[in-house]
Amino acid sequence: GWVAAQMDLAGPGVGVGFIAWSLSDAALEAALVRAPVAVMLSFGDPAPFAARIREAGAALMVQVQDMGQARAALAAGADLLVAQGSEAGGHGATRATVTLVPEVVDLAGPVPVLAAGGIADGRGLAAALMLGAAGALVGTRFWAAEEALVADGLVRAAIAADGDATRRSGVPDAARGLDWPQGFSIRTLRSAFLDRWAGREAELRRDPAARAGWSRAMEAGDARAATPVAGEAVGLIRDRPRAAEIVARIAAEAERALARGAAMVEAPLDREEHRCSDAS
């Protein structure tokens, strides 16, 4: 199947992610027999799959969007949590990254937490670390990487957009005929197609011609007739480098941001020490 083919293509030492509410036993087993280092579950109850994942020797990562999900993930034995804020591209919920991450960190105790949603550069990574996260899970920035299997027209639209140009809706799911659980919507770039069908998702599901047109537009990279998947961090993206360069940039910028922050703390302390010395 597709999962097996992709993992074989990637080779050893990789992880794999699944949408929990639609995960089949066959797809999970196809991944586990290839010994992934980690399996990430998102958007659904991890409990039915947790034991098999851990017995296979893979780390269990669970992405959560609220505190109830975080508690359920910890109860299922998650080795790592991903706290995803609503700024994220693709599917998500309503909590904001800057408040969700530290609350999940406090709950998780020794279990490490990654921050997700709205992070596309080193400044975002530095902020996540200050919120108590062990790191960040970055999506939209790599969606605009040279290696990403995304139509050029969709990437060009994302690079030209700012963060105000994204919307959460159920339109892409209606176009694909997918019935996502209540509480999850999908963030994409705003487009003529989205504007036309927002609030009319039920009607869209009954319009095969419109749905077929959306599929053709996504494949062809026609951003006006499609719904390019991107988060609010799209406004921070202005190019399409290779993934390795993105990683290096984020790391270097995070180091600079953290150094600036440390300097801002040290400078007032130095002035206070100087005043104390003068007084003595």
Side-chain angles (χ1 to χ4, degrees), residues 17 40 42-43 61 63-66 81-105 113-169 171-172 184-191 194 218 221 223 226-258 260-261:
M40 186 168 83
S42 305
F43 312 116
M61 301 173 59
Q63 183 167 242
V64 302
Q65 289 79 31
D66 61 36
L81 299 184
V82 178
Q84 183 207 44
S86 65
E87 302 93 324
H91 286 90
T94 58
R95 287 291 304 272
T97 302
V98 74
T99 56
L100 178 63
V101 169
E103 192 173 357
V104 173
V105 167
V113 177
L114 301 183
I119 301 171
D121 61 19
R123 294 171 295 179
L125 173 56
L129 295 175
M130 291 302 95
L131 293 173
L137 188 144
V138 178
T140 298
R141 173 66 273 198
F142 288 100
W143 187 84
E146 184 178 316
E147 298 95 331
L149 303 178
V150 182
D152 288 342
L154 304 186
V155 177
R156 288 196 300 271
I159 291 173
D162 61 28
D164 295 343
T166 71
R167 295 286 186 277
R168 281 203 170 278
S169 76
V171 171
F184 296 117
S185 58
I186 181 170
R187 187 180 293 282
T188 66
L189 290 185
R190 185 175 177 181
S191 68
L194 190 148
M218 288 291 286
T227 49
V229 178
E232 289 183 352
V234 72
L236 305 174
I237 298 171
R238 291 291 172 262
D239 59 1
R240 193 181 186 183
R242 294 186 63 82
E245 182 178 344
I246 292 173
V247 172
R249 284 187 196 175
I250 291 175
E253 188 172 12
E255 289 182 1
R256 293 193 297 269
L258 292 169
R260 287 196 302 271

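Hydrogens, waters and symmetry mates play no part in the numbers below; they use all other heavy atoms, side chains included.
- Considering all non-hydrogen atoms of both residues, A116 and T97 come closest at O-OG1, 3.2 Å.
- Only one option out of L236, L258, I250 pairs with R123 in a side-chain contact (heavy atoms from CB on, under 4.5 Å); it is L236.
- When all heavy atoms are compared, the tightest approach of V113 to A83 is CG1-CB, 4.1 Å.
- Within the 4.5 Å cutoff, no side-chain heavy atoms of T94 are placed close to those of R168.
- Between W143 and L154 the shortest side-chain heavy-atom distance falls below 4.5 Å.
- Side-chain contact check for F142 versus V150: every heavy-atom pair is 4.5 Å or farther apart.
- A distance of 7.5 Å separates CD1 of I246 from CD1 of I237, quoted to the nearest 0.5 Å.
- Rounding to the nearest 0.5 Å places CG of L125 at 11.5 Å from CG of L137.
- The two residues T188 and L194 have their closest heavy-atom pair at OG1-CD1, 3.3 Å.
- Minimum interatomic distance between L129 and G135 (heavy atoms only, all atoms of both residues): CD2-N, 4.0 Å.
- Using a 4.5 Å heavy-atom cutoff, the side chains of S185 and R167 are not in contact.
- What you find for A223 and S191 is that their closest heavy atoms are O-CB, 3.3 Å.
- Among R190, E232, R187, E87, the one residue that satisfies the side chain to side chain donor-acceptor pair (under 3.5 Å) test with T166 is R187.
- Contact of the R95 side chain with the Q65 side chain is not registered, since no non-hydrogen atoms from C-beta on lie closer than 4.5 Å.
- Checked by atom type and distance alone, the side chain of Q84 pairs as donor or acceptor with a backbone atom of H91 at under 3.5 Å.
- R249 has its side chain out of reach of D121: every pair of non-hydrogen atoms, C-beta onward, lies at least 4.5 Å apart.
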Run R156 and D239 through salt bridge (charged side-chain N to carboxylate O under 4.0 Å, His left out) and show every step you take.
CA-CA 9 Å; R156 288 196 300 271; D239 59 1; over 6 Å; no

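- A donor-acceptor distance shorter than 3.5 angstrom exists from the side chain of E253 to the backbone of G122, with no hydrogens or angles considered.
- In this structure, A151 and M218 approach most closely via the heavy-atom pair CB-O, 3.9 Å.
- Of the possible donor and acceptor atoms, none in the side chain of T140 sits under 3.5 Å from a partner among the backbone N and O of A230.
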